[in-house]
Amino acid sequence: MNSLINEKRRTLIQAASAAGLLAGTAWAGQAVAAVKNDPWKQAQAIIDRFAKPLQFRPQDFAITGYGAKTCEVQAVEAWISFVERKTLATPVPQSHDCYPAISAAIAACHQAGGGRVVIPAGNWYCAGPIVLLSNVHVHLKAGAHVYFSNNPADYAKYGQYDCGPRGKLSMTRWEGNDCLNFSSMVYAIGQRNIALTGEDWTAILDGQAGVNFADSEFCWWSWKGREKPGSAGDIAPGSGNWIRHQKGETEVSINPLNPMSLSEAAPHLSAEQVRFIQGEGDKWRRDSNFLRALAEAGVPADKRVFGLGHFLRPHMVQFINCTNVLFQGYQVTNTPFWQHNPVGCKNVHVKNIYANSIGPNSDGFDPESCNYVLIEDSTFDTGDDCIAVDSGKGPDVQYGPSQNIVVQNCKMHSGHGAMTFGSIMSGGIQNVFAQNLVFENSHWRTDPLNIAIRLKSNMSRGGFLKNLHIRNITIPNGIRTTPAFYTSLPGSMIPSKSVATSAGGIITIDCGYDPLNDNVRTRPPVVSDVHISNVRVANVDTGQGSFSCYQALVILGPVASDYNGPASPAPKILPVRNITISDCDLGNPANYEQAMYLFNVKDLTLKNVRVGGTVYNKTISA
């Protein structure tokens, strides 16, 4: 046993009770009792909510009736991932723009009291967002291929907020923080009873994110600003080829449009507060960090203006504060950023979609602060997490926790995590169920799945995860068998690049996620009551041996030394606790000598868990 487990002693800050961290998040007593008695009955109750399909008026509004015309396409060399190019089709120059026709059809459908907006078979060019309105069902027939413009200006033309040189922008949420930015390619805000469906997976929404901008060698994915493939994500091909970017025109470049001091955007802050949020140097002026700084500073969302001249890529599909939503039966591909991101939505049903984009940050489906979600019968092949349950970042938690979610009967291929929770989870995650999933990992030789079941948070994201239940997971081709690490903060009690939290663990709970990216680290995450059973992981022949993973289990509880808030009163930094893993076969880890890494964990119970040739029945605190 000792040869297989690296049991670190936990270090805790003793102070306020855990109850204070979870104030306002308790369930009603009846729900709690149901979970304790049989949590899967509660999962079935969530599933049953979606037994009755959404209803729409029986009237079709074909986009051809409003002036839409198909387009010719031509072959072009384009990126399909950070490290791969392929010949793709793209609309010929000067193609007919179907944006006005689609918008008119949606408006007419909405004004009539609802119905179905139909996009027939054929190639369609759309130079602007498809914006859904209440009681509208947008349906793509088999063979319908919508090519969205890859001109950023087309997503800064039609928003509700006129921001002058930054464009007409939309209220969006970018990695958990609200801002005015480019519209997503399919967008809705504050609507009810809406659907986006396809007849089958030949019904395609194409973001063209790897196709070069006009008269440019760069594309949407160039805005990521990656210098080269990294061990934490990409497995580069032998060619050494990867997406390049324009210096200064990325989300991680210092943007001269951002002020020299945060006090210019947030004059209400004291000098001390400004220094704390900005941190050392001027990295906070990068667009991705500047948005975090504005949120931490309490700048209102409609004053956080990005758009033209900034480099925060738009989502493919983002619905905000909508109720009764259906996504069904289509494929999305080559998306600039996350593929789907419903935010603050209620009653979201996802069925039989193909989330097929392996570019940078191409998360497949990220329900964020949503209540009652069913994701089923879908396939994910992604450049980031396949499914990631989120709930806002930092102060932007007005939509509350993500809760009452079921994921079932899905298949995952490439991605950073197959079933992920966080890292954007400041509002908390509770009452989530995942069952009957196949993490196929079919590209394991060239683009392996990094982690099977993953939680990630840190002292900035904080939040809580509780009452998570996962069962019946099949992993026929293992996961990535080589490790990837994050760099620790200076002075951390966790030596830098010593814990394989970024890749290699079948089950990974990481409460010290990527700490260098966050200046404000005052929100300890709380993780409890996680129950995982019947995970079956096969080995693959890597050439160096037959392995299923790098390590079977990685649990890095909150790292007390990462906290940088006030010393008094300091929050209590709690261990990850009450974790049960049962009836699992986790295969043969490549790192058999330390097949499990545990730090700041209390009451981890292993019941009939096979790792290599050893079966564990033990409760561990480390």
Side-chain angles (χ1 to χ4, degrees), residues 60-74 76 78 88-110 116-133 136-160 167-170 172 181-189 194-199 202-214 219-220 313-319 327 330-340 353 356-357:
D60 282 353
F61 298 78
I63 62 171
T64 50
Y66 296 85
K69 298 177 183 178
T70 57
C71 66
E72 299 296 324
V73 296
Q74 63 184 12
V76 63
L88 300 179
T90 190
V92 300
Q94 310 306 315
S95 288
H96 177 80
D97 178 13
C98 293
Y99 168 80
I102 295 173
S103 297
I106 289 173
C109 179
H110 173 69
R116 189 173 72 158
V117 171
V118 177
I119 301 177
N123 297 317
W124 311 91
Y125 174 65
C126 187
I130 295 176
V131 181
L132 274 73
L133 301 173
V136 172
H137 171 191
V138 173
H139 178 71
L140 284 75
K141 290 289 190 179
H145 194 136
V146 178
Y147 293 90
F148 284 96
S149 160
N150 65 341
N151 180 358
D154 290 332
Y155 304 94
K157 286 183 179 178
Y158 306 108
Q160 292 182 315
K168 292 184 177 178
L169 305 180
S170 300
T172 68
N181 196 26
F182 303 103
S183 171
S184 60
M185 294 173 177
V186 184
Y187 178 77
I189 186 166
I194 56 177
L196 177 66
T197 72
E199 197 165 351
T202 66
I204 299 172
L205 297 168
D206 190 335
Q208 299 204 97
V211 177
N212 287 351
F213 299 141
C219 63
W220 278 119
R313 292 163 289 155
H315 300 75
M316 188 70 183
V317 182
Q318 187 175 64
F319 291 175
F327 301 100
Y330 58 85
Q331 177 183 169
V332 294
T333 193
N334 301 321
T335 67
F337 194 58
W338 295 356
Q339 298 179 54
H340 300 84
I353 66 167
N356 177 31
S357 181

Exercise for the section: Verify the neighbour count for atom CD of Q74: are there more than 12 heavy atoms of other residues, nucleotides or ligands below 6.0 Å? Expected result: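 Atom CD in Q74 is crowded, with more than 12 foreign heavy atoms closer than 6.0 Å.
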Exercise for the section: Can you establish whether the number of heavy atoms outside K168 located under 6.0 Å from its atom NZ is more than 12? Expected result: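 Counting other residues, nucleotides and ligands, NZ of K168 stays at 12 neighbours or fewer.
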With no hydrogens and no angle check, is any side-chain donor or acceptor of [X] less than 3.5 Å from a backbone partner on [Y]?
| X | Y | result |
| --- | --- | --- |
| R116 | D60 | no |
| S149 | A127 | no |
| N356 | V332 | no |
| E199 | A142 | yes |
| N123 | V146 | no |
| S103 | P100 | no |
| S184 | V186 | yes |

Handout entry: Mutual orientation of the aromatic rings belonging to Y158 and Y99 [parallel < 30°, tilted 30-60°, perpendicular > 60°]
Key =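 Answer is parallel, since the angle falls under 30°.
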Practice task
Indicate the ring-plane relationship of Y147 and H145, choosing parallel, tilted or perpendicular according to the 30° and 60° boundaries.
Solution key: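 If you compare the ring of Y147 with that of H145, the planes turn out parallel.
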Practice task
Heavy atoms only: give me the nearest P91-Y125 pair and the separation to one decimal.
Solution key: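 Closest pair (atom of P91, atom of Y125, distance): CG-CD1, 3.8 Å.
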Problem - Closest non-hydrogen atom pair, P336 against P314 - result: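 Heavy atoms only, the tightest pair is CB-O, 3.5 Å.
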Exercise for the section: List the steps, then state whether ring-ring contact (aromatic ring centres under 6.0 Å, His included) holds for H340 with F327. Expected result: CA-CA 10 Å; H340 300 84; F327 301 100; 5.8 Å; yes
Nearest-0.5 Å distance that lies between atom [atom1] in [X] and atom [atom2] in [Y]:
| X | Y | atom1 | atom2 | value |
| --- | --- | --- | --- | --- |
| N181 | F337 | CG | CZ | 10.0 Å |
| N150 | F148 | CG | CZ | 12.5 Å |
| F61 | C109 | CZ | SG | 4.5 Å |
| T64 | W124 | OG1 | CH2 | 6.0 Å |
| Q208 | T335 | CD | OG1 | 12.5 Å |

Exercise for the section: For the pair H315 and T172, evaluate side chain to side chain donor-acceptor pair (under 3.5 Å) and give the outcome as yes or no after the intermediate values. Expected result: CA-CA 9 Å; H315 300 75; T172 68; over 6 Å; no
Handout entry: Any W220 side-chain heavy atom under 4.5 Å of F213 side chain
Key =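 Heavy-atom side-chain distance check passes, below 4.5 Å.
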